[in-house]
Amino acid sequence: GAGVSQSPSNKVTEKGKDVELRCDPISGHTALYWYRQSLGQGLEFLIYFQGNSAPDKSGLPSDRFSAERTGGSVSTLTIQRTQQEDSAVYLCASSLLRAISYNEQFFGPGTRLTVL
Amino acid sequence: GENVEQHPSTLSVQEGDSAVIKCTYSDSASNYFPWYKQELGKGPQLIIDIRSNVGEKKDQRIAVTLNKTAKHFSLHITETQPEDSAVYFCAASPRRALTFGSGTRLQVQP
């Protein structure tokens, strides 16, 4: 079946502009995660959604970052007043999370954000 | 919070040789340890995972071992092939979000 999809694949913006990144999880997956990968680095957790529970925002680096998940499916990550240090690949993952220890996450291809 | 250390950062092997990547973690509550392979320009792909109630798991040429007492786990790739060349990430999960290692760039020389 279809995997996790993200759009756009690439985004170039000017410093100070707002950007929105979109994630479509695998159908039926109840959990959705956003991660950030800076050039040559590992993945850094940003935010996690699970069903109708309040999201875990503990990884968001500043209040310029926010995310929402509508209807338990599609998610949008918004970065306001972008800075050059926001340049990175933003990755979305989803998981079925049937049991407390079952956390197999499937990643999308990512959105490469470049802030000029 | 959880901290995951991964070594080596780069690894070059000859085709047919074995490759081993090692990770350590800090949070004893971590109970899920996946390994991801990332090719250039693509998202990470899950290749194998292990849960805390298992010491070893094998899938064809790939195996993972876990030592919960020592808080370390390893990825073993046997009979390496050029298509195994990629960046490999380990991760640990005490709760929901994964904490990733910094990655190992594996280069398999034909």
Side-chain angles (χ1 to χ4, degrees), chain A residues 2-7 9-10 21 23-26 29-51 53-60 67 88-112, chain B residues 1-10 21 23-54 57 59 64 66 68 75 86-106:
Chain A
V4 177
S5 61
Q6 294 186 245
S7 60
S9 55
N10 282 283
L21 313 179
C23 171
D24 284 86
I26 294 172
H29 279 196
T30 56
L32 186 147
Y33 312 77
W34 284 98
Y35 295 86
R36 178 171 70 175
Q37 185 173 30
S38 300
L39 186 63
Q41 301 296 312
L43 285 75
E44 171 192 9
F45 166 70
L46 297 177
I47 188 168
Y48 155 69
F49 296 89
Q50 166 57 24
S53 303
D56 176 355
K57 305 180 182 179
S58 60
L60 294 178
V89 175
Y90 290 82
L91 290 156
C92 174
S94 69
S95 70
L96 193 53
L97 214 61
R98 288 175 295 189
I100 195 162
S101 63
Y102 190 88
N103 194 23
E104 192 176 57
Q105 296 182 25
F106 297 90
F107 281 82
T111 294
R112 180 174 297 277
Chain B
E2 176 64 278
N3 181 53
V4 178
E5 304 271 347
Q6 182 172 346
H7 301 280
S9 57
T10 60
I21 302 170
C23 290
T24 61
Y25 63 98
S26 61
D27 192 337
S28 56
S30 285
N31 57 11
Y32 175 66
F33 307 90
W35 286 87
Y36 286 86
K37 175 183 181 182
Q38 188 174 31
E39 297 174 325
L40 195 62
K42 297 183 179 180
Q45 177 190 5
L46 179 68
I47 56 172
I48 195 168
D49 59 17
I50 192 167
R51 289 169 175 80
S52 58
N53 58 346
V54 176
K57 183 177 178 180
D59 183 4
V64 59
L66 170 65
K68 285 219 73 178
L75 177 71
V87 179
Y88 291 80
F89 292 97
C90 64
S93 177
R95 285 164 289 279
R96 297 296 183 227
L98 295 172
T99 300
F100 284 84
S102 54
T104 296
R105 182 173 299 279
L106 174 64

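In what follows, every heavy atom counts, from backbone to side chain, and hydrogens, waters and symmetry copies are set aside. Sequence lines set the chain letters: A, B, ... in the order given, protein chains first and strands last, and positions in each chain run from 1.
- Of the atoms belonging to B:Gln6, not a single heavy atom falls under 4.5 Å from chain A.
- In this structure, CZ in A:Phe107 is found 5.0 Å from OH in B:Tyr36, a value given to the nearest 0.5 Å.
- In terms of non-hydrogen atom pairs under 4.5 Å with chain A, the most contact-rich of B:Pro44, B:Ser102, B:Gly43, B:Gly103 is B:Pro44.
- For A:Leu43, the parts lying under 4.5 angstrom from a heavy atom of chain B are both the backbone and the side chain.
- Two residues are said to be in side-chain contact when any heavy atoms from C-beta on lie closer than 4.5 Å; B:Glu2 and A:Phe45 fail this criterion.
- With sequence neighbours excluded, no residue satisfies ring-ring contact (aromatic ring centres under 6.0 Å, His included) with B:Tyr88.
- Summarising the geometry of B:Leu98 relative to A:Tyr35, their closest heavy-atom pair is N-OH, 2.9 Å, with the distance given to 0.1 Å.
- For the side-chain contact (heavy atoms from CB on, under 4.5 Å) test, residues two or more places apart in sequence or in another chain that qualify with A:Asn10 are A:Arg112.
- The CD atom of A:Glu44 lies 10.5 Å from the OG1 atom of B:Thr99; values are rounded to the nearest 0.5 Å.
- Residues A:Glu104 and B:Tyr32 form a side-chain contact, since some pair of their non-hydrogen atoms from C-beta on lies under 4.5 Å apart.
- The part of A:Gln37 that comes within reach of chain B is its side chain, from C-beta onward, which places non-hydrogen atoms under 4.5 angstrom from that chain.
- To the nearest 0.5 Å, atoms OG (A:Ser95) and CG (B:Leu46) are separated by 11.0 Å.
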